[in-house]
Amino acid sequence: MRYSQFFIPSLKEDPKEAVLQSHKLMLRAGYVRQFSGGIYAYLPLGYKSLKKLENIIREEMNNAGAIELSMPFVQPLELWKQSGRDKDYGKELLRFKDRQDRDFCLAPTYEEAITDLVGKNVHSYKELPLTLYQIHLKFRDEMRPRYGLMRAKEFIMKDAYSFDIDSEGLDESYRKMKKAYTNLFKRLGFDFIFIKADSGEIGGSYSEELMVISEYGEDKIAICNNCGYSASLESAVSAGNFPEPLKSCRQPKMTKLATPDKKTIEEVSGYLKIDAESFAKTIIYESEIGFIAAMVRGDREINEHKLKKIAEVKELNLAKEKDIENITCAPCGFAGPFGLQNIKLIIIDEEIQAQEYWITGANEKDFHMANVKPGRDFIADITADIRTVKDGDICLRCAGRLNVKNTIELGHIFKLEEKYSSVMDAGFLDEKGINKHFVMGCYGIGVGRTFQALIEIFSDENGINLPVSVSPFAVSVVSLNPNDENIKNIADKIYSDLLKSGIDVLYDDRKLSAGVKLKDNDLIGIPMKIIIGNKTIKENKFELSIRKTGEKEFYDNLEDLYARIKEFSLIDGFIK
RNA sequence: CGGGAUGUGGCGCAGUUGGUAGCGCACCUGCUUUGGGAGCAGGGGGUCGCACGUUCAAAUCGUGUCAUCCCGACCA
């Protein structure tokens, strides 16, 4: 491909709408363009690279015995009424009508479609097990799309669905697919981990998320450095700090401490010169059953997911400042667990119950209270684990330490069991002639997200730096003086030689200054450059510049140069 | 959906107390250049997101609205 005839609108400056390095680079390198929040076009260069990634995914899926198909992106809403998910999905499901006034939606996922399809076309246990997959669009009307392809409304996903005769079969299909994921993400060079997850809207009995560890990730997980325990921060548990009760017979009474204008734990702890661990914070929430007070140690955060489950509520929000003033009879920042008005539940963390004395708010402006004793000065309705795991916490299973890390969720695999096949009545006859529902699994990979995550990893200050197996081109021929007849002839020849030998080559024949061309070729992520200019031509040498290392190699003849390019092209190279 | 920020040629930005818009890059023409974002000369392009209002006069002030981005609640 000649650069001058291709379409690569590169940008010299960072676009202001992008914040992640990968997002900036995809825009600058002319890989993608945004049309609306969360809606992107893949430009030729990005599309070419994306297709290479898709083909690697395809290979691993096919190796695992999955079969590719493509289902409709526009779906009759009726399908979603059958499963009942038209209601569950809410506003994420984009609905519209056709000219006959029939209801349709853009597919946010494909469980209904595949269950319908297989239900209508598979009738016997002899045709099972079966795993089908596709790589194409999904649309979710996200409340907040962001970070480029990382969270888009319209996005590309690989989704696979397995159909088995029983749970044992599902276990086997699930195991195979998990193995395929492991192979794939290892091959792509990611540092990843599976964690057990909530099944969310998709549902089912068991699910695991494939998390890639990245400082730019939006999700936090906790990993034990000893036993390998891992969980999302929402569900992670750690061993609490439960000190031995003091032996002393003295029972100090609650004592007021003046803390003028000191509201946050940090401020009070700094003012009184006492560790945050000695404080208990009291947070007021509002829920559909009324106000709830929750307490954790001063240096900790409340885990609202745990709190919701314990309190058995669906809605949980921090109470408004006005309500807090009414409940605690003090301005926000001085709440304590005693004498609270209009509180339905007091829920305290196990650590609060376990320690004898705490410093809390005094429910009075500019005062805190010392020697507050659980059970004496206030009574909790429920004591439970409602704390968020902190980096360095002790693992509940072993003596190891928990590390909290940022991650990006690139895959999610589910055991659906009969969730969809039963509501949609999709099944088969078993060997005894009895009607059974399919036992299903589903397996997703965010392809666009994975693509961007690759660029996040494989890039540097000069631009995108992808390995050959996913780079848009393997090599570029950069003609520094396209007006020089001699140089032009040599560059033309090398270009056509490489084309003939099947190398994916970009020929930068533009009549621009040398610097622009070299910078562009670095930016857009071409792993190798053959640089043709007077300097090397005079010495009868051919120069190959390796993008990853910045090293320059010189060859006396074209055969050696071509051999080197072929050799380099064969390396998968997903090693940083 | 709540909180915050920003909308000015293609891109990135400046524009003071209101007086009718400018810079860099990109683009077009010509010449000279070509080893890391070239030089000279000439040139084109903006009803300042949109609407309404205040004013003799609005990019600038007010109200509303839309879009984009960031933080939070959800997700691949």
Side-chain angles (χ1 to χ4, degrees), chain A residues 9-20 23-24 27-28 30 33-39 88-92 108-110 135 137-159 181 197-202 207 209-212 217-219 232 234 304-305 308 314-318 320 407-414 442-453 462-463 478-484 487-488 510-523 529 531-538 543 545 550 552:
Chain A
S10 66
L11 268 28
K12 200 178 276 189
E13 294 180 79
D14 281 340
K16 63 175 169 186
E17 73 261 26
V19 27
L20 283 194
H23 187 196
K24 288 178 185 171
L27 290 164
R28 281 191 55 204
R33 282 293 182 270
Q34 185 180 104
F35 274 70
S36 167
I39 298 179
D88 300 342
Y89 247 99
K91 287 189 170 174
E92 304 253 302
T109 178
Y110 290 82
I135 297 176
L137 288 179
K138 291 189 173 183
F139 190 96
R140 293 181 192 167
D141 201 352
E142 289 280 345
M143 27 189 153
R144 181 144 103 89
R146 62 183 129 169
Y147 301 142
L149 305 179
M150 282 295 178
R151 175 175 301 157
K153 287 185 165 188
E154 180 183 290
F155 59 102
I156 298 171
M157 192 156 153
K158 187 286 304 176
D159 47 334
Y181 274 44
D198 272 348
S199 299
E201 217 56 75
I202 312 278
S207 86
E209 289 169 329
L210 187 148
M211 311 300 289
V212 167
E218 294 180 75
D219 303 311
S232 69
E234 291 167 10
E304 295 182 3
H305 288 267
K308 256 190 201 175
K314 285 193 177 130
E315 292 292 324
L316 190 71
N317 292 302
L318 286 174
K320 294 180 189 72
T407 56
I408 308 169
E409 182 185 356
L410 294 187
H412 201 158
I413 56 180
F414 302 79
C442 81
Y443 317 90
I445 292 173
V447 176
R449 187 179 275 190
T450 302
F451 184 56
Q452 190 173 336
N462 294 317
V478 184
S479 168
L480 293 185
N481 316 48
N483 294 326
D484 181 308
I487 283 174
K488 183 180 174 299
R510 295 176 298 168
K511 293 178 170 33
L512 295 172
S513 71
V516 174
K517 285 183 281 199
L518 293 170
K519 286 281 187 193
D520 264 343
N521 280 276
D522 284 348
L523 172 66
K529 293 189 290 288
I531 300 173
I532 303 165
N534 282 319
K535 212 157 95 182
T536 43
I537 293 305
K538 265 187 230 154
E543 176 183 341
S545 167
K552 296 183 170 187

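Quick caveat, the model's predicted, so the values are computed rather than measured. Letters A, B, ... mirror the listed sequences (proteins, then strands); counts begin at 1.
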Side-chain N or O of A:R146 closer than 4.0 Å to phosphate OP1/OP2 of B:rG72: yes

message: Does A:A152 reach a base, just sugar-phosphate, or nothing at all? Heavy atoms under 4.0 Å.
response: base

field: Gap in Å between the two C1' atoms, one belonging to B:rU17 and one to B:rG10, rounded
entry: 34 Å

Sequence-distant partners of A:D141, salt bridge (charged side-chain N to carboxylate O under 4.0 Å, His left out), two or more places apart: A:K153

message: Under 4.0 Å, heavy atoms only, any strand: does A:G448 hit a base, just the sugar-phosphate, or nothing?
response: nothing

Measure all distances between protein nitrogen or oxygen atoms and nitrogen or oxygen atoms of nucleotides 21-24 of chain B, and list the pairs falling under 3.5 Å.
from   : atom 1 : to    : atom 2 : distance (Å)
B:rG24 : N2     : A:E13 : OE2    : 3.2

- request: Applying side chain to side chain contact (heavy atoms under 4.5 Å, CB included), name anything that partners A:D219, two or more places apart in sequence or on another chain.
  value: A:M211, A:T407, A:E409

- request: Starting from the C-alpha separation in whole Å, work towards a yes-or-no answer on side-chain contact (heavy atoms from CB on, under 4.5 Å) for A:L480 and A:I487.
  value: CA-CA 8 Å; A:L480 293 185; A:I487 283 174; 5.9 Å; no

- prompt: Quick one: on RNA chain B, does A:V19 or A:E409 contact a more 5' nucleotide (nearest heavy atom)?
  reply: A:V19

Contacts of type ring-ring contact (aromatic ring centres under 6.0 Å, His included), residue A:Y110, not counting sequence neighbours: A:H136

message: Taking only the P atom of each, what is the distance from B:rA38 to B:rA59 in whole angstrom?
response: 37 Å

message: Students often get this wrong, so: under 4.0 angstrom with heavy atoms, is A:E142 touching a base, only sugar-phosphate, or nothing?
response: base

message: If the condition is salt bridge (charged side-chain N to carboxylate O under 4.0 Å, His left out), which residues does A:E543 pass it with, not counting sequence neighbours?
response: A:K552

message: Can you measure A:L316 atom CG to B:rG2 atom P for me and round it to whole angstrom units?
response: 20 Å

- request: Determine the Euclidean distance between corresponding P atoms of B:rG43 and B:rC56; express it in Å to zero decimal places.
  value: 40 Å

field: Footprint string (nucleotides 31-37 of chain B, 5' to 3'): B base within contact, S backbone only, - free, heavy atoms under 4.0 Å
entry: --BBBBB

field: side-chain N/O A:Y110 vs B:rA76 OP1/OP2, d < 4.0 Å
entry: no

query: Which of these nucleotides, B:rA76, B:rA73, B:rC75, is closest to any side-chain atom of A:R144?
result: B:rA73

- prompt: Can you check the A:R33 CZ to B:rG10 C1' distance for me, whole Å?
  reply: 11 Å

task: Quick one: label A:D219 by what it contacts on the DNA or RNA (base, sugar-phosphate, nothing), any heavy atom closer than 4.0 Å.
output: base

message: Distance check needed: B:rA73 C1' versus A:E218 CD, whole Å only.
response: 13 Å

field: Separation of the P atoms in B:rU8 and B:rA14, to the nearest angstrom
entry: 10 Å

statement: For A:K519, the side chain to side chain contact (heavy atoms under 4.5 Å, CB included) test, sequence neighbours excluded, returns none

- line: Taking every heavy atom of A:A152 against every heavy atom of A:G38, the minimum-distance pair comes out as CB-O, 3.4 Å

message: Between B:rG44 and B:rU29, how far apart are the two C1' atoms, rounded to whole Å?
response: 11 Å

field: Atom-to-atom span, CG of A:L27 to P of B:rC11 - whole angstrom
entry: 12 Å

For nucleotides 66-68 of chain B, print each protein N/O atom paired with a nucleotide N/O atom at under 3.5 Å, atom names and distance only.
from   : atom 1 : to    : atom 2 : distance (Å)
B:rU68 : OP1    : A:S36 : OG     : 3.2
B:rU68 : OP1    : A:G37 : N      : 2.7
B:rU68 : O3'    : A:Q34 : OE1    : 3.3

task: Send over the distance from A:K16 NZ to B:rC13 C1', rounded to a whole Å.
output: 9 Å

message: Could you tell me how far B:rG24 sits from B:rA76 if I compare only their P atoms? Round to whole Å.
response: 49 Å

Results of side chain to side chain contact (heavy atoms under 4.5 Å, CB included) for A:K511 - residues two or more places apart only: A:P482, A:N483

field: Partner set under side chain to side chain contact (heavy atoms under 4.5 Å, CB included) for A:R33, not counting sequence neighbours
entry: A:P9, A:L11, A:L27, A:L43

- prompt: Is there side-chain contact between A:Q452 and A:I408, with heavy atoms separated by less than 4.5 Å?
  reply: no

message: Applying salt bridge (charged side-chain N to carboxylate O under 4.0 Å, His left out), can you list everything that pairs with A:K529, at least two apart in sequence or on another chain?
response: A:D522

message: Need one value for A:M143: base, sugar-phosphate or nothing, where a base atom within 4.0 Å counts as base even if backbone is also close, heavy atoms only.
response: base

- prompt: Within this structure, what is the NZ-to-P distance between A:K153 and B:rC74, rounded to whole angstrom?
  reply: 18 Å

- prompt: Which part of the nucleic acid does A:Y147 contact within heavy-atom distance under 4.0 Å: base, sugar-phosphate only, or nothing?
  reply: sugar-phosphate

query: Looking at A:Y181 and A:G444, what are the two nearest heavy atoms and their distance?
result: OH-O, 2.9 Å

query: Counting just side-chain N and O atoms, does A:R151 come under 4.0 Å of either OP1 or OP2 of B:rA76?
result: no

task: Only counting residues at least two apart or in another chain, list the ones meeting salt bridge (charged side-chain N to carboxylate O under 4.0 Å, His left out) with A:E17.
output: none

message: From CE of A:M150 over to C1' of B:rA76, roughly how many Å is that when rounded to an integer?
response: 11 Å

